[in-house]
Amino acid sequence: MKKNKDIFSLPSEWISEESKQIVESCREIVEKEIFPVRDVLDEDWKDHKIYDKLLRKLMLDFEWQCAPWPKEYGGFELDTITYCLCLEEMDRGDSGLATAADCGNWAFLPILAPKPNEVLIKKFAPIACQTEKLFVGCAAITDERSGSDVENIDGTHGKYVATTAVLDGDEWVINGHKLWPTNSGGVADLFAVFCTTNPGVEDDDSFAIIYVPADTPGVKQGDPYQKAGMSGDKNGDVWFENVRVPKENRANPIPGDDAIAARLFMNAGNIGASAQSLGIMRNCYELVKEWCDKRVVGGKLLKEHSIAAATLADIAMMIEVCRSDTYMKARMMDNPEPYGIDPAGKEFLAKTRANKLFVTDQMTILINKAMDLMGSHGYAREGHIEKHWRDSKIISLWMGGRNLAKLDVARYFYDCKTF
């Protein structure tokens, strides 16, 4: 596929020249390394022979695993806007790979913000901020039976979290069964385990995020599930059976602060999910534009037919509007003071939930429009649209599901009290 210039609106005054260079470097990797093998990636869902090489390209050669860490430890400390622009580029190539790379870093957010844990930063940053060995995180959130209960911080306050952590001297003893986490199945080096210190109690103080190295005795991982898409994102079962880790491995030592960190984690994840969706939308635009620039129907190019042009206009419109709101939210996260926003607060959670819901809805509509316009070619693997069609659906479902997102929006904007 030929290289397409990014023509959609961005707040250029918020993007430094250094950031533009970083994004362009990411774009080059995607177009040189991912696009040429995209046709065969779905068959690699279990073994990850190709995906592992691509993940190393992003995490080590591009040094993506250094992205979130403080500069004094050799990290890049990327701002949210630059981070999201890179996610867009990765998702243009392959959403599953982008998810693995993103979540490989995202899992560490609770020890970086809103209250940096210097003990854990000193412990893990030197391992991450090198380019010789992969250091991949996994946010182990969803319990086997709980669905979105773990992500529903403001509705359940940890009451239904089934994975437990009991303090025994200077060690946490963790027991539980997590399902679906990205980078399970042998990819991750470190788990951020969402758990409770007081089962069945509705209390933010009992909510905990504890870091567990993947090779700790008692950690067991199952095989990855085969899904409709997202082959680059391994999801399986993870069991923790009397797993012991140091007391210092809790993301935030003060009770209650892990719940605050979890809200920030969700807010960042919502914005990141929108950026990933934008990457898919942009590539669908590129694919459909290339098709309509060549396809001749009734003696003239397809794009010159008014009914097709109207559909093409819808596609461009969706990207323009979604991109504007997504980078507004990214700006608010990086610079909360002018907006009176707490990046870990309920107001911002509602606003990022609304953004993610809207953008993922528009992504689904856009892909369907592109496939309708391209017909059988859009449905065929050679057209690549069908891959985005399969990969994209889960983005609208993760982060607690669509209905939880709507509840969080209603809680803030309408001051709802009973759910």
Distance check, rounded to the nearest 0.5 Å: Asn335 atom CG versus Asp79 atom CG?
8.5 Å
So does Asp6 pair up with Arg323, basic N to acidic O under 4.0 Å?
yes
Carboxylate-amine/guanidinium contact Asp189 Lys133, below 4.0 Å
yes
Could you tell me which non-hydrogen atom of Phe348 sits nearest to which non-hydrogen atom of Pro343, and how far apart they are?
CD2-O, 3.6 Å
With a sphere of 6.0 Å drawn around CD of Glu132, does it hold more than 12 non-hydrogen atoms of other residues, nucleotides or ligands?
no
Is a salt bridge present between Lys387 and Asp94, judged by a nitrogen-to-oxygen distance below 4.0 Å?
yes
Gap separating the CG atom of Asp258 from the CZ atom of Phe265, nearest 0.5 angstrom:
12.0 Å
I'd like to know if Glu88 pairs up with Arg92 as an ion pair, taking the criterion as any Lys NZ or Arg NE/NH1/NH2 lying under 4.0 Å from an Asp or Glu carboxylate oxygen.
no
Residue list, salt bridge (charged side-chain N to carboxylate O under 4.0 Å, His left out) with Glu63, at least two apart or on another chain
none
Aromatic ring proximity Trp69/Phe135, centre distance under 6.0 Å
no
Between the side chains of Asp39 and Arg381, is the shortest nitrogen-to-carboxylate-oxygen separation below 4.0 Å, so that they form an ion pair?
no
Pair Ser396-Thr360, side-chain hydrogen bond (donor to acceptor under 3.5 Å, both in side chains): steps then yes or no
CA-CA 5 Å; Ser396 69; Thr360 54; 5.0 Å; no
Here the gap from Phe358 atom CZ to Ser274 atom OG, rounded to the nearest 0.5 Å, amounts to 10.5 Å
Give the minimum heavy-atom separation between Pro114 and Ile260, together with the two atoms involved.
CG-CG2, 3.9 Å
Which pairs with one or both residues in residues 13-34 pass ring pair (Phe, Tyr, Trp, His ring centres under 6.0 Å), sequence neighbours excluded?
none
Show your reasoning for whether side-chain contact (heavy atoms from CB on, under 4.5 Å) applies to Val212 and Leu190.
CA-CA 6 Å; Val212 178; Leu190 189 67; 5.7 Å; no
Give the ring-plane orientation class for Phe62 versus Trp64, where under 30° counts as parallel, over 60° as perpendicular and anything between as tilted.
parallel
Salt-bridge present (Asp408, Arg353; N to O < 4.0 Å)
yes
Dump the intermediate steps for side-chain contact (heavy atoms from CB on, under 4.5 Å) on Thr163 and Val193, then the final yes or no.
CA-CA 8 Å; Thr163 302; Val193 184; 4.0 Å; yes
Lys/Arg N to Asp/Glu carboxylate O, Asp342 vs Arg263, below 4.0 Å:
no
What's the spacing between Cys284 SG and Ile315 CD1 if we round to 0.5 Å?
8.0 Å
Tell me the closest heavy-atom pair linking Gly383 and Met374, and the distance in Å.
O-CE, 4.3 Å
Pair Lys20 + Glu17: basic N to acidic O under 4.0 Å:
yes
Using a strict cut-off of less than 4.0 Å between a Lys/Arg side-chain nitrogen and an Asp/Glu carboxylate oxygen, indicate whether Lys57 and Glu33 qualify as a salt bridge.
yes
Do the ring planes of Trp291 and His377 sit parallel (below 30°), tilted (30 to 60°) or perpendicular (above 60°)?
parallel
Value rounded to 0.5 Å, distance of CG in Asp314 from CE in Met317:
4.5 Å
Do Val166 and Trp172 touch side chain to side chain, with heavy atoms closer than 4.5 Å?
no
Between Ser95 and Gln276, does the side-chain hydrogen bond (donor to acceptor under 3.5 Å, both in side chains) criterion hold? Intermediate values first, please.
CA-CA 7 Å; Ser95 304; Gln276 288 194 251; 5.7 Å; no
Heavy-atom pair of closest approach, residues Ala113 and Ala261
O-CB, 4.2 Å
Should Asp42 and Arg390 count as an ion pair when the cut-off is N to O under 4.0 Å?
yes
So, for Cys26 and Glu89, which heavy atoms are closest and what is the spacing to 0.1 Å?
SG-CB, 3.9 Å
Atom CD in Glu118, atom NZ in Lys123: separation rounded to 0.5 Å?
14.5 Å
Does the pair Asp52/Arg56 count as a salt bridge with the N-to-O cut at 4.0 Å?
no
Taking every heavy atom of Leu58 against every heavy atom of Ala101, the minimum-distance pair comes out as CD1-CB, 4.3 Å
Between the side chains of Asp143 and Lys178, is the shortest nitrogen-to-carboxylate-oxygen separation below 4.0 Å, so that they form an ion pair?
yes
Using the side-chain hydrogen bond (donor to acceptor under 3.5 Å, both in side chains) rule, take Thr352 and Asn267 through it: C-alpha gap first, then chi angles, then the decisive distance, then the call.
CA-CA 6 Å; Thr352 61; Asn267 292 343; 3.3 Å; yes
Residue that, paired with Met59, satisfies side chain to side chain contact (heavy atoms under 4.5 Å, CB included) out of Thr131, Leu54, Leu134
Leu134
Tell me whether the centres of the aromatic rings in Trp180 and Tyr225 are closer together than 6.0 Å.
yes
